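Just passing along the structure, written as structure tokens.
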Amino acid sequence: MKKFLNEFKEFINKGNAMDLAVGVIIGVAFKSIVDSFVNDIINPIIGIAFSVDFSQVVIQLGENVTLNIGNFISTVINFVLMAFVLFCFVKMVNGMKAKMEKPKVEEAPAEPKKSDELKALEQIVELLKEKQ
């Protein structure tokens, strides 16, 4: 049991678990924004076509049985918007990671310039070699 708890502790302390927790919290907060966008902006616009509040569109199947088709379509719109935003976010993060991990091309260090004294010494060495 102690080993299990230690493994769990290591898992929690890793960055991925903390990143996941932060992502879930932000996702829940963002979901309320998307819900409001769909319920308060998209549904009324779509509702114009039906001349009724779109989220209240139902299909009566029986005396007490209804299909809440408007509510279902609203939920599908929420899902599509959330998936699109998450796709854009993941694409952005992956692009940033790729830029950070891009191998930097190191330029070869330029040869140091030879001083006039060094050039003169090299000429002297060449002349001495020629005399021998």
Side-chain angles (χ1 to χ4, degrees):
M1 183 67 173
K2 187 175 182 179
K3 182 180 176 186
F4 176 79
L5 291 176
N6 285 336
E7 288 177 12
F8 181 71
K9 182 179 172 183
E10 287 178 33
F11 171 76
I12 291 298
N13 288 329
K14 286 184 182 177
N16 292 342
M18 295 307 248
D19 293 344
L20 179 64
V22 170
V24 167
I25 292 168
I26 290 173
V28 168
F30 186 73
K31 183 185 179 316
S32 65
I33 294 170
V34 172
D35 285 344
S36 175
F37 178 71
V38 170
N39 293 333
D40 300 332
I41 295 173
I42 302 247
N43 281 349
I45 292 171
I46 295 174
I48 292 171
F50 294 102
S51 299
V52 68
D53 181 10
F54 185 68
S55 62
Q56 300 300 319
V57 173
V58 295
I59 297 174
Q60 194 76 29
L61 295 178
E63 193 173 308
N64 294 326
V65 180
T66 60
L67 287 178
N68 299 331
I69 194 76
N71 193 27
F72 174 74
I73 292 174
S74 296
T75 303
V76 170
I77 293 170
N78 281 353
F79 171 77
V80 170
L81 287 174
M82 287 292 292
F84 178 73
V85 169
L86 288 174
F87 169 76
C88 292
F89 182 74
V90 168
K91 187 172 176 73
M92 179 187 67
V93 168
N94 287 341
M96 288 173 33
K97 279 184 181 178
K99 283 183 182 180
M100 288 180 181
E101 294 173 357
K102 196 176 206 179
K104 295 179 181 177
V105 177
E106 294 183 21
E107 295 180 17
E111 290 186 32
K113 291 186 178 181
K114 295 180 181 178
S115 66
D116 291 336
E117 296 163 343
L118 183 60
K119 289 178 185 176
L121 286 173
E122 286 177 346
Q123 288 175 352
I124 292 170
V125 168
E126 285 179 31
L127 289 173
L128 288 173
K129 285 182 181 177
E130 288 176 7
K131 282 188 175 182
Q132 288 178 347

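Keep in mind it's a predicted model, so treat the numbers as computed, not measured.
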Side-chain heavy-atom pair Leu67, Leu61 within 4.5 angstrom cut-off: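 When only atoms from C-beta onward are counted, Leu61 and Leu67 do touch, with a gap below 4.5 Å.
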Should Val85 and Val34 be counted in the same cluster of Ile, Leu, Val, Met, Phe, Trp and Tyr side chains packed under 4.5 Å apart?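 Linked within one cluster.
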State yes or no: do Leu127 and Leu118 share one hydrophobic cluster built from I, L, V, M, F, W and Y residues joined by side-chain heavy-atom distances below 4.5 Å, directly or via other members? no
Quick check against the 3.5 Å criterion: does Ser32 have a side-chain atom that pairs as donor or acceptor with the backbone of Ala29?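 Yes.
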Going from CD1 on Ile124 to NZ on Lys129, what distance comes out if it is rounded to the nearest 0.5 angstrom? 13.5 Å
For the student: nearest non-hydrogen atoms of Asn64 and Gln60, plus distance: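 It is N-NE2, 4.4 Å.
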Rounded to the nearest 0.5 Å, how far apart are CG of Asp35 and OG1 of Thr75?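 It is 8.0 Å, given to the nearest 0.5 Å.
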Do Met82 and Phe84 belong together in a cluster built from hydrophobic side chains that touch within less than 4.5 Å?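 The answer is no; the residues belong to distinct hydrophobic clusters.
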Can you list, by chain and residue number, the hydrophobic cluster partners of Met96 when the side-chain cut-off is 4.5 Å? Phe89, Met92, Val93
Just how far is it from atom CG of Leu121 to atom CD of Glu126, taken to the nearest 0.5 Å?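 Reported to 0.5 Å precision, the distance equals 11.5 Å.
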Do Phe72 and Asn68 touch side chain to side chain, with heavy atoms closer than 4.5 Å? no
Do the non-hydrogen side-chain atoms of Val38 and Leu81 ever get within less than 4.5 Å of each other?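 Val38 reaches Leu81 side chain to side chain.
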Option from Asn78, Ile77, Ile73 for which side chain to side chain contact (heavy atoms under 4.5 Å, CB included) with Ile42 holds: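 Looking at Asn78, Ile77, Ile73, the match for Ile42 under the side chain to side chain contact (heavy atoms under 4.5 Å, CB included) is Ile77.
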What distance separates Glu122 CD from Glu117 CD, expressed to the nearest 0.5 Å? 12.5 Å
Tell me whether Ile33 shares a hydrophobic cluster with Phe87, the cluster being built from Ile, Leu, Val, Met, Phe, Trp, Tyr side chains joined at under 4.5 Å.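 Ile33 and Phe87: separate clusters.
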Is Ile41 linked to Phe30 within one hydrophobic cluster, defined over Ile, Leu, Val, Met, Phe, Trp and Tyr using a side-chain heavy-atom separation of less than 4.5 Å? yes
